[in-house]
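Keep in mind that this is a model prediction, so the values were computed, not measured. In what follows, every heavy atom counts, from backbone to side chain, and hydrogens, waters and symmetry copies are set aside.
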Amino acid sequence: MTESEQLERRLLDEIMTIAVIDVHSHVPHDNAYAKSLRDLLGYHYFTELAHSAGMSREVIAEENPDEAMLPALVEAMAALDNTVQYGWMIELARELFGFEHRRLTRENWQALDQAVREKAKEPKRAQEILCKSSIEKVFLTNAFDDELKGINQDIYVPSLRADALVFELTDPDVRTSLSEVTGVEIGTTTDLREALEKVLRRFMARKAASVTVSLPPQFKIFPVVESDMDAAVGKAVRNKPLSAAETATLRAGVMFSLAELCQEFGIPMQIMSGVLRDAYRHGVPQGTDLPVAGATLQTLLPLFNAFPEVTCCVSVLSDSQSQELASYGWIIGNVVVSGHWWYHTIPSYIERDLTARLQSVPKTKLIGYYSDMYKLEFGLPKFNMYRRVLARVLARDMVQSGRGTEDDAIKVARFLLRENACRIFGV
Amino acid sequence: MTESEQLERRLLDEIMTIAVIDVHSHVPHDNAYAKSLRDLLGYHYFTELAHSAGMSREVIAEENPDEAMLPALVEAMAALDNTVQYGWMIELARELFGFEHRRLTRENWQALDQAVREKAKEPKRAQEILCKSSIEKVFLTNAFDDELKGINQDIYVPSLRADALVFELTDPDVRTSLSEVTGVEIGTTTDLREALEKVLRRFMARKAASVTVSLPPQFKIFPVVESDMDAAVGKAVRNKPLSAAETATLRAGVMFSLAELCQEFGIPMQIMSGVLRDAYRHGVPQGTDLPVAGATLQTLLPLFNAFPEVTCCVSVLSDSQSQELASYGWIIGNVVVSGHWWYHTIPSYIERDLTARLQSVPKTKLIGYYSDMYKLEFGLPKFNMYRRVLARVLARDMVQSGRGTEDDAIKVARFLLRENACRIFGV
Amino acid sequence: MTESEQLERRLLDEIMTIAVIDVHSHVPHDNAYAKSLRDLLGYHYFTELAHSAGMSREVIAEENPDEAMLPALVEAMAALDNTVQYGWMIELARELFGFEHRRLTRENWQALDQAVREKAKEPKRAQEILCKSSIEKVFLTNAFDDELKGINQDIYVPSLRADALVFELTDPDVRTSLSEVTGVEIGTTTDLREALEKVLRRFMARKAASVTVSLPPQFKIFPVVESDMDAAVGKAVRNKPLSAAETATLRAGVMFSLAELCQEFGIPMQIMSGVLRDAYRHGVPQGTDLPVAGATLQTLLPLFNAFPEVTCCVSVLSDSQSQELASYGWIIGNVVVSGHWWYHTIPSYIERDLTARLQSVPKTKLIGYYSDMYKLEFGLPKFNMYRRVLARVLARDMVQSGRGTEDDAIKVARFLLRENACRIFGV
């Protein structure tokens, strides 16, 4: 090993000991780990890539039994064995299930499936996975009407997912559910705000740590005129169709109300910006959305400006916004630059973004990475992917460039993987 | 050599043996290689860069004789001897004409000119160039009214260039030519579709392998309303000026018709997206177009969604769209990520894009590179540029990162340089 | 040291001897260097990053005395000790003031403050700083009503900053000042053009070398209709509110007039494109502006096309425009690609852009770097940052890739740091 490789290795070894706070996942707290191989291979990264490479959607239909679905999916996945996503599967299979092959095949999937089933029966399985992954806490994604019961708060941190509140209030089912969970009949803007506040109170009582929302590209947030908001809410509750302007008002109004509540309750917003939903008509479930090149965060400035006390942890989906986001973190006090999201959670993008962020944004304003995972097992390979990039960037661009010592580098890693999250989310 | 360099070298040696399918060029099949140095230095990359660096356009005027044009151009090119484009010329001069200097000068161009003239007289010159370049087949760019006669199909693959059909139907000459070549008098939408079908039939009879079109940034493709299309066609055929909306309808309508025909005949579309034509008023021929930062592929989604059975090999011109394109290849079944086009065909951009593509897109959905050349000689340096980047990326990011073995890496290279093209285009 | 590191070191040693022409700074010629530490730490990069990391704006209020301000700012800056901006401060403190610590602390700032105060008293301090920085000449940023007196033209080069003329003519104070300095009462377009010409004549008499302007993203420049311009000027001089279209006309008209004057007087324009002013409401002074992802230079094409004889040295603020700018330099004769501006003046962005520029743009069309500094001391660490990247890129991508020899590489460096500026600006 060269000196440079040795340095990188030493940094990585230290980084591996940092107990991560994972600020965004979709793990169901009561079904957190895989019970069978299907639970793992059902991750949309695999199904969408396999489908994109030619696999029929029928393969992954719920009614298709494991014995038919798994070999077909495994076979289709050969077309993507060059990708890092494929690498996640192999790494977790090896580290968590003792799988010893470099590739999944029609011949070896059964043994892995068996291993997953066996491991699932072990006590404290969630804790064991997290321990092996060096992850201490995992944020959940909870719908506003989630019961929030039985959550093991040693491990999990509730977080309100606000998308339905921002985008689906014109859906009577959503409003009904909101009324049921809050006891507020929603007829006016005042009612709506009361309901939102009750939702937040419920979440705060369960120690929720953030409000999270994903936004389309160029989503316009603006201070709404009260009478416009009344008109928009009025139409929505009477199931009348809203004009584009009314829809925009309703959504911006809810975003402002949520930000006010974040301020009142002292919690941050997590804003994931730039996803074009339902763009690909023939995709598999969760495999139909896309980034949009050329999008900007400029339309979110009214929110950042109006609520300087509300910390906004911001992620973007399009690579064309990477530097813009870093610049926002650079000058805007309440913007924290967070993670590497979805289509951007690929080592080459991470390395570029991380290098630029560490060169230009205060180390206290960076959330290094979050898993965005649906099953706990994926925390290991996804964070390991990030940790390797982090070790390399710190070695080359901080220690070897002379911007900091090895100790400085480890301290920076602690900020990115743990301490900033602890401070910002109060966990 | 370090171990890492040895690995890269071994991979490159293997990659050099792969017989390339070059899916896009402008080579004239009956005048495919240079007869003199002017044929080589006339490549727009040299004339536009030399002009940009201060050379008068008059230097390259057709009436300016070689003895005046060549030394002036060679001298002007000194300003760009730092560029990779200049490097292409030196590499091909060395490899194909025994030129031994590092730079072209007023003193040495004559000998090179002489060598080009001598070599041009040798039998099987095209085959020899391709053999030295490790290229097996070269796609042509054929206008819809091209005679398609006398094409040596051992080497060349016809491909319909559809730009005139999409963008110039309001030009009476184009319509006349279309009528002549198809025997269809164009008065209505139905006539137009019949003419387009006849064009395709002619091309299919000549074993054409694709329909290729270059599109401006943000080109809107949408399913046209039949009566709107009739109105637009009606105006066009009567030489009446079309409104912006009618122009958009006509173009989108033709694109949809072409896609239907691609589906009917089972051939792919090659879509090169994002060129702003005639942007620079003072440029040399072919040196007046530009990329547009911030453009998006979103406007092409209706096409990808409407024709899931038509494979679309997509290239972009703006670096700001690189990740968007990779994401399209990642989830959209009929989108293949193709090459590194024009202003983007520079090693630093190629390396970044290739790394990200290999990390995130199935290996079966990548066309590695095409030459876009006007003379066969440029295939050698352009593909060699690509091959070096490919060897480096595979060495570092696949083999050394542990994502694959050396054999895996070579297999990936075969997909990118040859096998995907064979499968997708049926050659 | 590896061979590669030795090469890089040799190149850097040579590069350090090149006497730089710094084509853009905000140095006040009569208060050019720091009199105390506050003058250095007051640089907006530090105040905005410290504020972004949590420091109150009150810390840097003018009335807050050094003894309170400095330790508070120094303490806040600990949050950004990972950044290259922080590194600038440490490097200049070491190289220019003998500071020996790796970090600024509450314990060591006083000694540095003292050293700055002592050094300020030495004769020929400006010359000494520039000599240590290997900088020969520094461009100034002079307002149109600047007196331009007592400028030491051995060191400084005046440059007209045109922002107020382009964007603030509706401000009566600006017009009054323009009248006073030119003796022209402005009532009509003709008056305005006469005033602009007189401004330029004054500047030319003082050997001004360029007209510099910073533009918002997507700024529209177009040839104005004379009667529209008359109407817009007419409203402006009568203090009537202008419509958006009139504002655009006025601004475009002034830009065209300035370009005509640049042509008449034979000087270049420096165009810094893409800054969104006053975007962050709570920022510190000079810490409220942002880049906008997805912006394009396309709207500036009418200017480049209308004045092919006026050299335009263009910078962009958004990373999403990097390749677009390189492409403009590649084909447009009067576009020179200039520097790495503001939020983009970070090694990782510089390295990417520089690599692509050196691969694709004639070496005569690149201004490597400018300092944008407010005090002379920052020229040293900012140019050193650039020089290190330049040495690395030349070593790897020119010499080791075989595109040029070591001598070629040094020649390229001379073009970028000195010779192109000398030729283009006539200094």
Side-chain angles (χ1 to χ4, degrees), chain B residues 2 5 44-45 47-57 76-87 90-91 102-103 217 276 278-284 286-296 317-322 342-352 385 388, chain C residues 2-4 217-218 274 292-298 301-302 304-306 308 316 318-336 351-366 393-394 397-398 401-405 408-409 411-412 415-416:
Chain B
T2 65
E5 288 162 344
H44 68 82
Y45 286 97
T47 55
E48 74 201 10
L49 281 163
H51 173 256
S52 172
M55 183 192 74
S56 154
R57 279 193 289 190
M77 284 174 64
L80 48 114
D81 65 8
N82 57 296
T83 64
V84 291
Q85 300 96 324
Y86 190 97
I90 300 300
E91 182 169 359
R102 294 192 317 106
R103 298 287 186 255
L276 186 70
D278 304 320
Y280 175 40
R281 204 193 296 163
H282 310 280
V284 299
Q286 296 180 293
T288 60
D289 308 329
L290 282 167
V292 174
T296 168
L317 198 55
S318 168
D319 189 57
S320 60
Q321 293 185 268
S322 285
W342 200 345
Y343 293 102
H344 217 231
T345 197
I346 293 296
S348 64
Y349 301 127
I350 295 173
E351 184 162 339
R352 285 197 256 154
M385 172 183 71
R388 287 182 204 112
Chain C
T2 65
E3 228 173 289
S4 169
Q218 248 79 286
V292 174
T296 168
L297 291 166
Q298 188 181 346
L301 281 168
F304 305 146
N305 278 322
V316 293
S318 168
D319 189 57
S320 60
Q321 292 185 269
S322 286
Q323 180 237 6
E324 188 187 59
L325 176 58
S327 299
Y328 277 55
W330 169 335
I331 72 159
I332 303 184
N334 51 326
V335 169
V336 166
E351 183 161 338
R352 282 196 258 154
D353 283 0
L354 179 59
T355 303
R357 290 175 189 179
L358 285 177
Q359 288 179 346
S360 65
V361 183
K363 64 191 176 192
T364 54
K365 300 198 67 200
L366 300 170
V393 170
L394 288 171
D397 197 59
M398 175 155 289
S401 82
R403 226 161 68 241
T405 64
D408 292 334
K411 278 179 197 152
V412 166
F415 275 108
L416 268 58

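Proximity to chain C (any heavy atom under 4.5 Å) is shown, for B:His344, by both the backbone and the side chain. Only the backbone of C:Ala295 comes within contact range of chain B, with heavy atoms under 4.5 Å apart. In this structure, the portion of C:Ala326 lying under 4.5 Å from any heavy atom of chain B is its side chain and not its backbone. Contact annotation for C:Ile332: both backbone and side-chain heavy atoms come within less than 4.5 Å of a heavy atom of chain B. The part of B:Arg102 that comes within reach of chain C is its side chain, from C-beta onward, which places non-hydrogen atoms under 4.5 angstrom from that chain. At a 4.5 Å heavy-atom cutoff, the contact between C:Lys363 and chain B is made by backbone and side-chain atoms alike. For B:Leu49, the parts sitting under 4.5 Å from any heavy atom of chain C are the backbone and the side chain alike. Contact annotation for C:Tyr328: both backbone and side-chain heavy atoms come within less than 4.5 Å of a heavy atom of chain B. Contact annotation for C:Gln359: both backbone and side-chain heavy atoms come within less than 4.5 Å of a heavy atom of chain B. Using a 4.5 Å cut-off between heavy atoms, B:Arg352 touches chain C through its side chain atoms alone. Neither the backbone nor the side chain of B:Ile90 comes within contact range of chain C, judged by heavy atoms closer than 4.5 Å. No part of C:Ser318 comes within reach of chain B, as not one of its non-hydrogen atoms sits under 4.5 angstrom from that chain. Using a 4.5 Å cut-off between heavy atoms, B:Ile346 touches chain C through backbone and side chain atoms alike. In this structure, chain C has heavy atoms under 4.5 Å from both the backbone and the side chain of B:Asp81. Residue contact with chain C, scored on non-hydrogen atoms closer than 4.5 Å, involves the backbone of B:Thr288 exclusively. Heavy atoms of C:Val336 lying under 4.5 Å from chain B are absent altogether. Residue contact with chain C, scored on non-hydrogen atoms closer than 4.5 Å, is absent for B:Ala50.
Screening B:Val284, B:Leu290, B:Asp289 against C:Ile331 for a side-chain contact (heavy atoms from CB on, under 4.5 Å) leaves a single residue, B:Leu290.
Ranking C:Ala356, C:Ala409, C:Gly404, C:Gly402 against chain B, the residue ahead of the rest is C:Ala356, based on heavy-atom pairs under 4.5 Å. Interface check for chain B: of the options C:Ala306, C:Gly294, C:Gly333, the most heavy-atom pairs under 4.5 Å are formed by C:Gly333. The greatest number of non-hydrogen atom pairs below 4.5 Å with chain C, out of B:Thr2, B:Thr296, B:Asp319, B:Leu80, is found for B:Asp319.
Proximity of B:Ser320 to C:Gln321: side-chain heavy atoms (C-beta onward) are nowhere separated by under 4.5 Å. Side-chain contact between B:Leu276 and C:Leu301: present, with at least one pair of heavy atoms (C-beta onward) separated by less than 4.5 Å.
Taking the six-membered ring where the residue is Trp, C:Trp330 and B:Tyr343 present perpendicular rings, their angle passing 60° and hence far from 30°.
Taken to the nearest 0.5 Å, the OH atom of B:Tyr349 stands 7.0 Å off from the OG atom of C:Ser322. In this structure, CG on B:Asn82 lies 13.0 Å from NZ on C:Lys411, to the nearest 0.5 angstrom. The CD atom of C:Glu351 sits 10.5 Å away from atom OG of B:Ser348, with the distance rounded to the nearest 0.5 Å. Summarising the geometry, atom OG1 belonging to B:Thr83 is positioned 8.5 Å from atom CE belonging to C:Met398; distances are rounded to the nearest 0.5 Å.
The two residues C:Asn305 and B:Ala279 make their nearest non-hydrogen contact at ND2-O, 2.9 Å.
Ion pairing between C:Asp408 and B:Arg103 holds under the 4.0 Å rule for side-chain N and carboxylate O.
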